[in-house]
Amino acid sequence: MKESIKPLLLFFNVAKQFGDFATIELSELENFIHPCGFYKNKAKNIKLCANQILEKFHGEVPHTMEELTSLAGVGRKSANVILLEVFGIAEGIAVDTHAKRISTLTGLSQEKEPEKIEQDLIKIFPKDSLKDINHLFVWHGRNTCVARSPKCTNCVINSYCQSYKSKNNG
């Protein structure tokens, strides 16, 4: 097990419900999540989000895009992941670094902002495939369309990829 994961596992032994997240000392929370990066801002948002869920939603994680994005630290990407993975609702596409890179390289979107890329992708992919799209982008981005050393010649979608076509004249 990675050493950086151990504090997080200990954290979940301490904080098991929203009340625990809301009442934990900020410095203690920061120590637990330090390995995640941007830990000070994340800790502040975790406490605030937990309080919002307790106060506005009676301790239940909301299950609409509008409600989720009203929470501290929760944007569209996180809301899409929560909706899909927690509630089985495939409303949109979580545009992470992989989805963004692959969408622009292949020509699926010319946009730079994740929200606009998401809207372009939603127009392309059928609604019943939305539950799988982000997972496919992540898999493809980690295994084939790797940022520093893409494996374009072995890529199963290179015939559709604008970047590959432009590098290979066609």
Side-chain angles (χ1 to χ4, degrees), residues 1-9 11-12 29-30 32-46 48-49 61-170:
M1 177 184 326
K2 287 185 176 181
E3 286 300 312
S4 62
I5 300 299
K6 286 183 180 179
L8 292 173
L9 295 176
F11 173 64
F12 287 112
L29 181 55
E30 288 173 354
F32 280 121
I33 65 169
H34 186 270
C36 296
F38 303 109
Y39 65 96
K40 287 189 178 284
N41 197 40
K42 287 179 183 174
K44 181 183 71 171
N45 282 330
I46 288 170
L48 183 53
C49 181
V61 176
H63 58 276
T64 68
M65 179 64 71
E66 185 179 340
E67 291 171 329
L68 285 167
T69 56
S70 76
L71 298 171
V74 180
R76 279 195 68 84
K77 179 179 78 173
S78 296
N80 273 317
V81 170
I82 293 165
L83 286 171
L84 179 61
E85 300 300 333
V86 176
F87 299 108
I89 301 169
E91 182 175 310
I93 298 169
V95 178
D96 61 2
T97 185
H98 302 295
K100 183 177 180 180
R101 182 178 69 253
I102 293 166
S103 295
T104 55
L105 284 172
T106 57
L108 294 173
S109 178
Q110 304 304 312
E111 299 292 343
K112 302 291 182 223
E113 297 172 32
E115 292 83 7
K116 291 181 179 179
I117 293 170
E118 179 185 7
Q119 294 311 307
D120 286 346
L121 296 175
I122 287 173
K123 292 173 190 168
I124 296 168
F125 294 104
K127 184 156 177 62
D128 64 347
S129 69
L130 293 182
K131 63 181 177 42
D132 298 319
I133 296 301
N134 188 255
H135 295 293
L136 292 170
F137 276 122
V138 170
W139 184 89
H140 192 67
R142 288 181 179 164
N143 295 288
T144 304
C145 195
V146 184
R148 292 193 176 127
S149 57
K151 302 169 187 158
C152 297
T153 55
N154 297 331
C155 179
V156 296
I157 62 169
N158 65 15
S159 62
Y160 303 101
C161 180
Q162 298 303 313
S163 178
Y164 181 76
K165 287 179 182 180
S166 68
K167 289 179 194 171
N168 293 288
N169 300 321

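Since the structure is predicted, the reported quantities are computational estimates derived from the model, not experimental observations. The basis for the numbers below is simple: all heavy atoms, side chains too, and nothing from hydrogens, waters or symmetry mates.
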Approximate separation, where rounding is to 0.5 Å, of [X] [atom1] and [Y] [atom2]:
X: Ile133; Y: Leu121; atom1: CD1; atom2: CG; answer: 8.0 Å
X: Leu84; Y: Leu130; atom1: CG; atom2: CG; answer: 9.0 Å
X: Glu67; Y: Ile82; atom1: CD; atom2: CD1; answer: 12.0 Å
X: Leu48; Y: Leu71; atom1: CG; atom2: CG; answer: 8.5 Å

Exercise answer: donor-acceptor pairs, residues 86-98 side-chain atoms, under 3.5 Å, sequence neighbours excluded:
unit_1 : atom_1 : unit_2 : atom_2 : d
Asp96  : OD1    : His98  : N      : 3.1
Asp96  : OD1    : Ala99  : N      : 2.8
His98  : ND1    : Arg101 : NH2    : 3.4

Report the residues that fulfil side chain to side chain contact (heavy atoms under 4.5 Å, CB included) with Leu136, sequence neighbours left out, ordered by chain and then residue number. Asp132

Which residues pass the side chain to side chain contact (heavy atoms under 4.5 Å, CB included) test with Thr106, not counting sequence neighbours? Ile102, Leu108, Ile157, Cys161

Going through the distances and angles, do Asn45 and Val74 end up as a side chain to side chain contact (heavy atoms under 4.5 Å, CB included)? CA-CA 9 Å; Asn45 282 330; Val74 180; over 6 Å; no

Partners passing side-chain hydrogen bond (donor to acceptor under 3.5 Å, both in side chains) against [X] (at least two apart in sequence or in another chain):
X: Thr69; answer: none
X: His63; answer: none
X: Asn41; answer: Lys44

Return each pair, listed once, that meets side chain to side chain donor-acceptor pair (under 3.5 Å) where at least one residue sits in residues 108-123; pairs must be two or more places apart or across chains. Arg76-Glu118, Asn80-Glu118, Ser109-Asp120

Could you name each residue pair satisfying side chain to side chain donor-acceptor pair (under 3.5 Å) that touches residues 142-162, not counting sequence neighbours? none

Shortest non-hydrogen separation from [X] to [Y] and the atoms involved:
X: Ala43; Y: Glu30; answer: CB-CG, 3.6 Å
X: Met65; Y: Ala79; answer: SD-CB, 3.4 Å
X: Pro62; Y: Leu68; answer: O-CD2, 3.3 Å

I'd like to know if the side chain of Lys42 reaches the main chain of Ile33, judged simply by a donor and an acceptor atom lying under 3.5 Å from each other, with no hydrogens or angles considered. no

Test of understanding: with ring pair (Phe, Tyr, Trp, His ring centres under 6.0 Å), list the residues that count as partners of Phe125, not counting sequence neighbours. none

State which residue, out of Ser163, Pro150, Cys152, fulfils the side chain to side chain contact (heavy atoms under 4.5 Å, CB included) condition with Leu105. Ser163

